[in-house]
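Beneath this line is the structure, given in structure tokens, with notes to follow.
Sequence lines set the chain letters: A, B, ... in the order given, protein chains first and strands last, and positions in each chain run from 1.
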Protein chains: 2
Amino acid sequence: MEYLLRQQIEKIVKLTDDEFAFVLTHFTPRQFKKHQYVVQAGDAAPNDYFVLKGLLKSFYLDEQGKMHILQFAMEDWWISDPQAYHNKTVATLNIDCLEDTSTMYISIENREKLCAELKKMEYFFMKKTTAGYIALQRRILSLMSQKADERYQQFISLYPSLLQRLPKALVASYLGISRETLSRISAA
Amino acid sequence: MEYLLRQQIEKIVKLTDDEFAFVLTHFTPRQFKKHQYVVQAGDAAPNDYFVLKGLLKSFYLDEQGKMHILQFAMEDWWISDPQAYHNKTVATLNIDCLEDTSTMYISIENREKLCAELKKMEYFFMKKTTAGYIALQRRILSLMSQKADERYQQFISLYPSLLQRLPKALVASYLGISRETLSRISAA
DNA sequence: GGCTTGATGTGATATAGGTCACACTGATTT
DNA sequence: AAATCAGTGTGACCTATATCACATCAAGCC
């Protein structure tokens, strides 16, 4: 299934077979079961996971124990606690699986090595991070300028396939609204 | 004043005098006056500005003409419309000056060249973008999990120096709350 | 088959924050 | 000196959304 990873990388930089084989040596496969935690707040979180199959969420638990979903990740997406990962600190986020999940992860050490050894990969990660930055900025604008129902409509059009695999309560949490409000919105 | 730029870069990668001179050839100085626009929604926005002196804001105008501030930038900060910049599309954001400001900008073409020619700089931009990504994620969490007054307190402790240079109405817009609400909060 | 659990809907009520309107102060402009 | 304008405060009222409580339905489990 690693071809998924190669495919994604090659959307940005072309690799020879040897190069890809080299890239692969920096990754480790790992499986998780539904409900299993990949990252727990308070623990180290030195890995960035590329999803081959399955579905996960990353979330923050506030002081009142309320859950706020930052991200979902399904096939072909990446997920981590970026702060813990890049700054090599302890996680503030949690990541768990909504379905049985199969991943390939790269540790921050391996990533640094890989980037140093194969500049194409540094370029790849650069592009990926930049795209992520732009997406986050859009999300901030959406939180600031749109009403609950507009954000929901936007979610539907952006992620139709995700929608079908997620309970509505989780979509609500991602959108920053309550379960009940989302229920009333989607009824209308 | 270019030493400010060198100083910032060298927090992440060390440069020889020659290397920095080379880096500098990719930048262009430019001054703006208070109220002047640096980027206007609808126009191209192919430059990323490093602020030597002054203060700017980037903002989005929604359909109702309401302003939503995404970012401020003062000395030692960078500002652009990242989407327009990296994807070479037309701007959706506006950037204008709150004070007379002096910048050095790098066009996206020059940045690509520079990164290709001097891998240290690619590494520098990578670090900068990653840090930005993490900051945006924190802001999303803050918008989702904190009340207006908590967000304001956080802003005060994060950016005490900015606070003094900004009218409260702009701080309110950045925090995603109304002028009036901020006034009542800061009174309490 | 009965039972727990997860997902969803919906009514009643509460509230944070928005909106509108107006007042006051200091600058800046003419 | 008068006049405009930017920044700020504050009262009255409105509304989107949260919260609480309960009902329903389906699915997996003993």
Problem - Check: B:F27 ring centre within less than 6.0 Å of B:F50 ring centre - result: no
Problem - Residue list, ring-ring contact (aromatic ring centres under 6.0 Å, His included) with B:H26, at least two apart or on another chain - result: B:F22
Problem - Partner residues of B:Y133 under the ring-ring contact (aromatic ring centres under 6.0 Å, His included) criterion, sequence neighbours left out - result: none
Exercise for the section: Please list, by residue number, the residues of residues 53-73 of chain A whose heavy atoms come closer than 4.0 Å to an atom of DNA chain D; answer none if no residue qualifies. Expected result: A:K66
Practice task
Scan residues 144-158 of chain A against DNA chain D and write down, sorted by residue number, each residue with any heavy atom closer than 4.0 Å; if none is found, say none.
Solution key: A:K147, A:A148
Rounded to whole angstrom units, what separation is found between the [atom1] atom of [X] and the [atom2] atom of [N]?
X: A:I177; N: C:dG17; atom1: CD1; atom2: C1'; answer: 17 Å
X: A:L98; N: C:dG6; atom1: CG; atom2: P; answer: 14 Å
X: B:L175; N: C:dG17; atom1: CG; atom2: P; answer: 11 Å
X: B:H35; N: C:dT29; atom1: NE2; atom2: P; answer: 11 Å
X: A:R165; N: C:dA7; atom1: CZ; atom2: P; answer: 15 Å

Roughly how far apart are [X] [atom1] and [Y] [atom2], rounded to 0.5 Å?
X: A:L143; Y: B:R139; atom1: CG; atom2: CZ; answer: 10.0 Å
X: B:I95; Y: B:S80; atom1: CD1; atom2: OG; answer: 6.0 Å
X: B:L5; Y: B:T103; atom1: CG; atom2: OG1; answer: 11.5 Å

Sort me out a list of protein N/O and nucleotides 8-14 of chain C N/O pairs below 3.5 Å, or just none if empty.
| from | atom 1 | to | atom 2 | distance (Å) |
| --- | --- | --- | --- | --- |
| C:dT8 | OP2 | A:K168 | N | 2.6 |
| C:dG9 | OP2 | A:S183 | OG | 3.1 |
| C:dG9 | O5' | A:S183 | OG | 3.4 |
| C:dG9 | N7 | A:R179 | NH2 | 2.7 |
| C:dG9 | O6 | A:R179 | NH2 | 2.9 |
| C:dG11 | N7 | A:R184 | NH1 | 2.9 |
| C:dG11 | O6 | A:R184 | NH2 | 3.0 |
| C:dA12 | N6 | A:R184 | NH2 | 3.4 |

Let me check something: any side-chain donor-acceptor pairs from residues 155-171 of chain A under 3.5 Å, sequence neighbours excluded? List them with distances.
| from | atom 1 | to | atom 2 | distance (Å) |
| --- | --- | --- | --- | --- |
| A:S157 | OG | A:Q153 | O | 3.4 |
| A:S157 | OG | A:Q154 | O | 3.1 |
| A:R165 | NE | A:E99 | OE2 | 3.1 |
| A:R165 | NH1 | A:E75 | OE1 | 2.8 |
| A:R165 | NH2 | A:G54 | O | 3.2 |
| A:R165 | NH2 | A:E75 | OE2 | 3.1 |
| A:R165 | NH2 | A:E99 | OE1 | 2.8 |

Handout entry: Lys/Arg-Asp/Glu bridge criterion (N-O < 4.0 Å) met for A:E122, A:K119
Key = yes
Exercise for the section: Sequence neighbours left out, what pairs pass side chain to side chain donor-acceptor pair (under 3.5 Å) with at least one residue falling in residues 28-41 of chain A? Expected result: A:Q31-A:S102
Practice task
Under the side chain to side chain contact (heavy atoms under 4.5 Å, CB included) rule, collect the residues that match up with A:S173, sequence neighbours excluded.
Solution key: A:M67, A:I69
Between the protein and nucleotides 24-30 of chain D, which nitrogen or oxygen pairs come in under 3.5 angstrom?
none

Practice task
Only pairs at least two apart or in different chains count here, so list each ring pair (Phe, Tyr, Trp, His ring centres under 6.0 Å) that has a residue in residues 89-124 of chain A.
Solution key: A:Y49-A:Y105
Handout entry: Polar contact flag, side-chain donor to acceptor under 3.5 angstrom, A:W78-A:Q71
Key = no
Handout entry: Members sharing B:V90's hydrophobic cluster (side chains within less than 4.5 Å)
Key = none
Completion exercise
the helix from C:dG1-D:dC30 to C:dT30-D:dA1: angle between terminal helix axes, five bp per end, to the nearest 10 degrees, reads 30°
Handout entry: Identified side chain to side chain contact (heavy atoms under 4.5 Å, CB included) counterpart of B:L4 within the set B:M1, B:E2, B:R6
Key = B:M1
